[in-house]
There are 2 protein chains.
Amino acid sequence: MTLDNLKHAQRQRLLFLDRCFTWRGVGRRRDLTDRFGISTAQAANDFRAYLSLVEDAPEYDAQLKAYVAKRHHRPLAPSSMQDVFEVLDTSSEDELPAALPRANRWLDTHVAIALHDAISNKRKIKISYTSMSSGETAPQWIAPTRFTFDGETIHFRAYSFKRGEFRNFHPSRIEPKIDYPTGEIKAPLPFDLEWHTLSVIWLRPSVYLSSAQAAVVRREYGFSDDLLKVEVRKALEFYIDRRWGLNEPGARLEKVKTELVWPEDNGTLSTRS
Amino acid sequence: MTLDNLKHAQRQRLLFLDRCFTWRGVGRRRDLTDRFGISTAQAANDFRAYLSLVEDAPEYDAQLKAYVAKRHHRPLAPSSMQDVFEVLDTSSEDELPAALPRANRWLDTHVAIALHDAISNKRKIKISYTSMSSGETAPQWIAPTRFTFDGETIHFRAYSFKRGEFRNFHPSRIEPKIDYPTGEIKAPLPFDLEWHTLSVIWLRPSVYLSSAQAAVVRREYGFSDDLLKVEVRKALEFYIDRRWGLNEPGARLEKVKTELVWPEDNGTLSTRS
DNA sequence: CTTGTTCCGTATAGTTTTTATACGTATACT
DNA sequence: AGTATACGTATAAAAACTATACGGAACAAG
């Protein structure tokens, strides 16, 4: 019996239960009935399934009237911070949230649809794009290849016929319209080397930190060795710097070196410091 | 017929379909069968349900062999950027992801469980906490009240008996142990004024931007008026500044003013510029 | 221009999942 | 002692879902 041969709905419930045990340390049928609107009988079923799946299963504590996870409970699956917060947060509906307003970044649906269409049908599309450096807006044909995500905003990768190279674009810099001229791509596009190259970034706690502070940084980023290894497409490396604040004055992490792994290749070809 | 009186599982499927139509502009039964592992018959059912729920419903396009959303499609529910990206991304499993490595922030499960326990049972807890300013680690008793989330890392709010006030704490600065001494809270805690005060922050595109650039910033943050209004608990205002990069040199948004709305009150009592 | 493919749709019977309900146990609060 | 809330189990009934078959429309390939 594994997670995989369960139905999607029950799997979702067991994963939620898994997070309850992992992050709250306790689980009740109530958690499932509230969240998924199932009956207590079904919740009891799910508990039985979960307890049989996980090793070193939680046990019922009659005092607490709840199942309690073992000290060394091993979750069935990893969880995102968002998922963890959902389990730890105790907001009621009507109250101010304990999370920052999040979805403030906005994406125009017509732009998204036009780009998605161009990507999936391998077509080029004509947009008016505003450069943030010069501040000017100019029309150009591009061939979008992939959407990308830095955790906050959605960007995309495209071949710019104007520049003759692949670049990262920002949907919000496209002038919004209901639809856009599109066309067939005649000659095959060049190979997007930066996209297919892997950047392996090695980070360490800033040398200006005390050893206790460095231990905190290691804990926060989840590494215990000297260095933290981050792997990302070279084309997206810039976003790592910005999002992790690596280039800011008081940065607590600093780059030690960056290795590039080229496609069709498993060896490191180049190292920058 | 509304979303609310559907079962959780079907609701999730219709919401996913809703995102397909909203962000991709097209939807197929395949989308549902792949993602949720349901039969095509059930997917057809879900389509029927969705089409009856949404106004100005998508229509089948026999050329495309897909349902196509109307130009002015209105989604049933808003979606987070993460959800949108899931719908737009075209990664295959084995390939490098198009999203930045996300869950690199880490949280110790024993710390989370101890804090969650203290919060839900209103107990105090003794921790060793490392100050990032002084770099020193010292034990102290705190009474945690709520978890908070800045979109990336989970923090928490607690009353510090040492300082005699409520403060924001970072779980990763707590020295990890398997369990922590806890105690009953004798005297009732003071009122957490900053927590219950609402900060209304008014932002505008930086005055150094051209009007085209300012239009881009408005689009990216989803406002069309002069000012963008952001509401957040005063206790969490600091995180907004940092996460939105408001105090960085090249910031594209700048604060115009901040209004404070105190609890038990609907009027603005104080304005800072 | 026939054949195969891939979308869509509908219908039926059968299986699985889930609910509603009832009944029993243990702990805790008043 | 009575009430409430956790837990558990069992059963019949309802709902959700699957497997399968059949039919239509568009399109690509032989």
Side-chain angles (χ1 to χ4, degrees), chain A residues 1-17 20-21 24-54 57-70 117 120-123 184, chain B residues 1-17 20-21 24-54 57-70 117 120-123 184:
Chain A
M1 166 93 108
T2 59
L3 265 186
D4 300 328
N5 45 31
L6 296 173
K7 298 284 162 120
H8 183 86
Q10 194 180 18
R11 185 163 54 241
Q12 294 304 114
R13 296 200 300 269
L14 295 202
L15 287 174
F16 178 75
L17 197 52
C20 290
F21 282 124
R24 291 180 182 161
V26 290
R28 295 175 234 266
R29 300 200 298 202
R30 188 75 188 276
D31 298 324
L32 293 178
T33 58
D34 280 1
R35 164 106 180 193
F36 296 98
I38 57 172
S39 64
T40 59
Q42 188 55 37
N45 240 321
D46 290 344
F47 265 77
R48 198 145 18 92
Y50 182 80
L51 298 178
S52 79
L53 270 177
V54 74
E59 276 176 15
Y60 188 64
D61 180 323
Q63 272 72 37
L64 284 174
K65 293 182 183 180
Y67 277 88
V68 177
K70 298 292 185 179
D117 179 72
S120 41
N121 298 317
K122 301 196 195 312
R123 293 175 68 78
E184 205 182 322
Chain B
M1 164 92 110
T2 59
L3 265 185
D4 300 328
N5 44 33
L6 296 173
K7 297 283 163 131
H8 187 270
Q10 194 180 17
R11 185 162 55 239
Q12 294 304 112
R13 295 199 302 267
L14 296 201
L15 288 174
F16 179 74
L17 197 50
C20 289
F21 282 124
R24 290 179 182 162
V26 290
R28 296 176 234 268
R29 299 198 300 200
R30 188 75 188 276
D31 297 324
L32 293 177
T33 57
D34 280 2
R35 165 105 179 192
F36 295 99
I38 57 172
S39 63
T40 61
Q42 188 55 36
N45 239 322
D46 290 345
F47 266 76
R48 199 146 17 92
Y50 182 79
L51 298 177
S52 80
L53 270 177
V54 74
E59 276 175 14
Y60 187 63
D61 180 323
Q63 273 73 38
L64 284 174
K65 294 181 184 179
Y67 277 88
V68 177
K70 298 291 185 180
D117 179 73
S120 41
N121 299 317
K122 300 195 195 314
R123 292 176 69 79
E184 206 182 322

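Quick note on labels: first sequence line is chain A, next is B, and so on, each numbered from 1.
Residue-to-nucleotide proximity on DNA chain D shows that, of A:K65 and A:A41, the 5′-proximal contact is made by A:K65. Comparing A:A62 and B:R28 by the nucleotide of DNA chain C that holds the closest heavy atom to each, the one mapping nearer the 5' end is B:R28.
Between the CZ atom of B:F47 and the P atom of C:dC8 there is a distance of 6 Å, given to the nearest Å. Rounded to an integer number of Å, the gap from CG of B:L32 to P of D:dA16 is 16 Å. Look at CZ on A:R13: it is 17 Å from P on C:dT16, rounded to the nearest Å. Atom-to-atom, CZ of B:R30 to P of C:dC7 comes out at 6 Å; the value is rounded to the nearest Å. Per the geometry, NZ belonging to B:K7 stands 5 Å off P belonging to C:dT19, to the nearest Å. Whole-Å rounding puts the B:R11 CZ to D:dA15 C1' distance at 16 Å. Atom CD of A:Q42 is separated from atom C1' of D:dT9 by 14 Å (rounded to the nearest Å). Computed from coordinates, the B:D31 CG to C:dC7 C1' distance equals 12 Å when rounded to whole Å.
Taking the side chain as every heavy atom from C-beta outward, A:D46 and A:I38 approach each other to under 4.5 Å. B:L3 is listed as a side-chain neighbour of B:L15, based on a closest heavy-atom distance under 4.5 Å. Side-chain contact between A:R35 and A:R13 is absent, with no heavy atoms from C-beta onward closer than 4.5 Å.
Residue contacts shown for A:G27 are absent, as no nucleic acid heavy atom lies under 4.0 Å away. Residue-level contact check: A:Q63 touches the backbone only, with heavy atoms under 4.0 Å from sugar-phosphate atoms and none from bases. B:Y67 comes within contact range of the sugar-phosphate backbone alone, with a heavy-atom separation under 4.0 Å but no base atom that close.
With distances taken from any side-chain atom of B:R29 to the nucleotides D:dT9, C:dC8, D:dC17, the minimum falls on C:dC8. Among the nucleotides D:dT18, C:dC7, C:dT18, the one closest to any side-chain atom of B:S39 is D:dT18.
The aromatic ring centroids of A:Y67 and A:Y50 lie 6.0 Å or more from each other.
Residue B:L14 holds its CG atom at 8.0 Å from CG of B:L32, rounded to the nearest 0.5 Å.
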